[in-house]
Amino acid sequence: MSMWVYIIKRIIYSIGVLFGVSILIFIISNIVPGDPARIALGPRAPDWAVKRLRKEMNLDKPIVERYFLWLGNLLKGDLGESLRSRRPITKDISEYLPASLEIIALSAFFMATIGINLGRLSARFSDTWLDGVIRIVSYIGIVTPAFVWAILFALIFSYLIPIFPTTGRISPGITPPPRITGSYIIDGLLTGNFKAAFDTLWHIILPALALSMGGAAQAARMTRASMVDNAEKDYILAAKAYGIPYKLIYKKLLLKPSLIAPISIMALDIAALLGNAFLVELVFLYPGFSRYGVEAMLHKDLFAIISVVLIIGVAYTVANVVIDIIIAYLDPRARMGAEQNV
Amino acid sequence: MYSKSIFRKLLVGTLIFVSIIIFAKYESIIRTTEDWPTYIDPAVGSDFSDCIAIVNLYDSLVFPNHDGTVRPHLATHWKVSPDGKVWTFYLRKGVKFHSGRELTAEDVVFSTKRLLTMGEGFAYLFEPFIEDVVALDKYTVQFGLKKPCGPFLSMLVRLYILDKEEVLKHIQSGPYGKYGDYGRKWLLEHDAGSGPYMVEEVKMEEYVLMKKFDDWWGGWEPNAPEYFKEMATADPVTIRTLVAKRELEITDELQPMESYEAMAKIPGVKVIRFVPGGMNLNVMMNTKKPPTDDVHFRRALAYATDYETVAKKIFPGSLVARGPVPQTLPGHDPTIKPWEFNLEKAREELKKSKYWGKLDKYPVTLSWCAEVPEEEKIALMLQANFAKIGVKLEITRKPFGSMIADAQSIETTPNLSLIFVAAHYMEAGGMLATRYHSKSTGTWEQCEWLMDPEIDRMIEDALATVDREERFKKYYAIQRRLVELCPTIWLIDRAETRAYQAEYVYWPVAEWVKKGEKIALPLGYGLYAHDMKVFPEKRK
């Protein structure tokens, strides 16, 4: 019970942080030079049209009043209208966010399976040739930017061996499933449109793989380091001395605590993908949230910028809470610490 | 063991997906790429990407020929009053909108008023001229102008006609009184046009898919594409992969040169370069700020510029500029010769300037546009050449937004601004007015701050001349006068480069290029899908 109180407390603190972020980003995006209305309408638009748009956007009002008007609308679920797409931002986000979350979820799956398994292998065969190979592969994974992987994968698996599609979210000619969650995969499965679900999954494999390479490589190194470190600890030696079967020691006593560090880092990496996937989304012409955010920034799409930053802030906050929960599950000391702190 | 089973499962899954997925293909399709966003509402869009979609979805009263002239389109004929202020157009009967409704003069009136009220897109072309527009009968529409406008027909290429009833059916709340939002939100993803193609699907940030409108009044040739898809451009590797996989028929013009070279090696793919008319690269000189306020100093800089290097190395395929108007634009004076790169003459001009002997006290400032990386090469080349005649050039890289802000006053406008300018319509008058009339000072299109009353008068007089031949003579006189004043270093008329699938696509622009014909088409019309042909059986 006290663990839940701790988590609720964390969530309340996080709301405070998000409120601060909203003030900060609102001020920064409003004081950056350049008139958003003029940029939206173009340099040749008559002044009266620019003035009208400024009025529509409340840009003619003082910044404090603008902030509270925006906050009021936010609480009503209205994020404003995008100057670039000319649509309500909620509509834009409801399209792009699920698209990105699909990639991120698959990327997280790749990160965890590839990263942890490589780390386990490396630790199991530490200081052998296999460990050396995995070390080199991991270093390459860490130092190579995701967009380079994206280009490489597109060249190999889309051009040289054309088994994956090059661009887009779904093949032309395949009707996307009716909207329930916004995720074509989930909606396709829920509505029985398996063709659309599989086709979407097929489209996101390469981008997800490209995004996961860095995180997976990092997780592999961290898992290995933690496992090798823990394997030398007294409680493992004691367990071995008591004759506890190796499988049990390995699974219950060695692996679980060794996953704390890689999982913490992976969760933050995954949250960061929401904003960092821009180049990969560009390579695969994927209509994702990250690309939307960067385009909004380049075009000074005021309300879209603020909305994107806030959502990324929410993603980080959620990631942190999730990390706390996972760590509490994996590490009894964390649970006990939380209980003492409450 | 655990990891092995995971990888095995992944591999099996992959094979299952390969066997399950059937990629549906549109066989008769032309796909092209362009920079996103694409606004398909003709009262909103005016950029390249917008124009490609709009010209395929909507019809206009007149249609551009590739030599820069216009021909009847929705209007079969027209007449103009002797004072050049009243233009009457007679509409083609039986033209159907995509909704099935017949297009009438009321739709022309509605579309014009909608454009002028919203003030976006190409409204800036018509706003200074159109006083009123009325439907005289079902098939006759009359424009009353505030002042005579010689190139009015050329401008009308950009007045696209919408289905009034269809738009009114879809208005939502907005700032335009009883017209609400004038259908703006709906028209972001739908069309209300009568053009040869109609919207099948719009995917924001991805593509606009258009389907052939079988009842188009102009009829169809065999092998015309059933679908036309305008996609958002992507990373050069992606574009090359799409071309190699025959999933992209015509590329955009934004790819790096080495990418075009690579695509040219793909069997069946050809790369074409052409100067489409209407875009030139300028070094605009602030004529009100020392030392570029001195005409001899400006001429010295013009002589110290290596035009050939820019045209051949930095923007290959481009033409060395011959004066302020691009050579393919109707109304360009063919007698104007390009400036020569001659450091000796540059020094002679410099000696005549009032800044001779004190050049070190007057460094020259230059801003180049951060969004066009090639401009840095030009800036550095100018710096090196100017140094040879004793002029110090201080270079600043600026985002275009900042350059627009700088252009708002004489003091903040640098001595030199490196900027591309595109013609608003296919006639010299438009470019001369926006580039050199005093009314355009304070905008990025005139960083020269010329403010020359004689040039203003000459431009106004030319634009008010209805007779084309006479008007062109007046354009020539303005160009010659501008060359004397030398407010600008006119570098190049920019070439457009695109790769296309020559094996299975017939593209009129490529045919004109092959024949060596001049191409003077407004933005977007080079990708008019109705005139293309596609032969899917030849696609390998």
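Computation of the quantities below employed the complete heavy-atom set of this structure, encompassing side-chain atoms and omitting hydrogens, waters and symmetry-equivalent molecules. Residue numbering restarts at 1 for every chain, and letters A, B, ... go by the order of the sequence lines.
- Counting only N and O atoms by type, the side chains of Ser85(A) and Asp92(A) include a donor and acceptor under 3.5 Å apart.
- When heavy atoms are compared at a cutoff of 4.5 Å, Tyr96(A) approaches chain B solely by way of its side chain, counted from C-beta outward.
- Seen from the ring of Tyr207(B), Lys229(B) counts as a face-on cation partner, given the 6.0 Å and 45° thresholds.
- Donor-acceptor pairing under 3.5 Å is lacking for the side chains of Thr38(B) and Asp50(B).
- When Ala49(A), Ala45(A), Ser158(A), Ala154(A) are compared by the number of non-hydrogen pairs under 4.5 Å with chain B, Ser158(A) comes out ahead.
- Using a 4.5 Å cut-off between heavy atoms, Arg52(A) contacts chain B through its side chain alone, with no backbone atom that close.
- Residues that satisfy the side-chain contact (heavy atoms from CB on, under 4.5 Å) test with Ala422(B), not counting sequence neighbours, are Met279(B).
- The backbone N or O of Glu445(B) lies less than 3.5 Å from a partner atom in the side chain of Arg435(B), making a donor-acceptor pair.
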Begin with the C-alpha distance, continue with both residues' side-chain angles, and end with the deciding distance and a verdict on side-chain hydrogen bond (donor to acceptor under 3.5 Å, both in side chains) for Asp131(A) and Ser122(A). CA-CA 5 Å; Asp131(A) 185 25; Ser122(A) 211; 2.4 Å; yes
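- Counting heavy-atom pairs under 4.5 Å between each of His424(B), Glu189(B), Glu120(B) and chain A puts His424(B) at the top.
- With a 4.5 angstrom heavy-atom cutoff, Ser46(B) does not touch chain A via any of its atoms.
- Contacts of Arg184(B) with chain A are made by side-chain atoms alone, with heavy-atom separations under 4.5 Å and no backbone atom involved.
- Per-residue counts of heavy-atom pairs under 4.5 Å with chain A were compared for Pro175(B), Gly121(B), Pro236(B), Ala123(B); the largest is that of Pro175(B).
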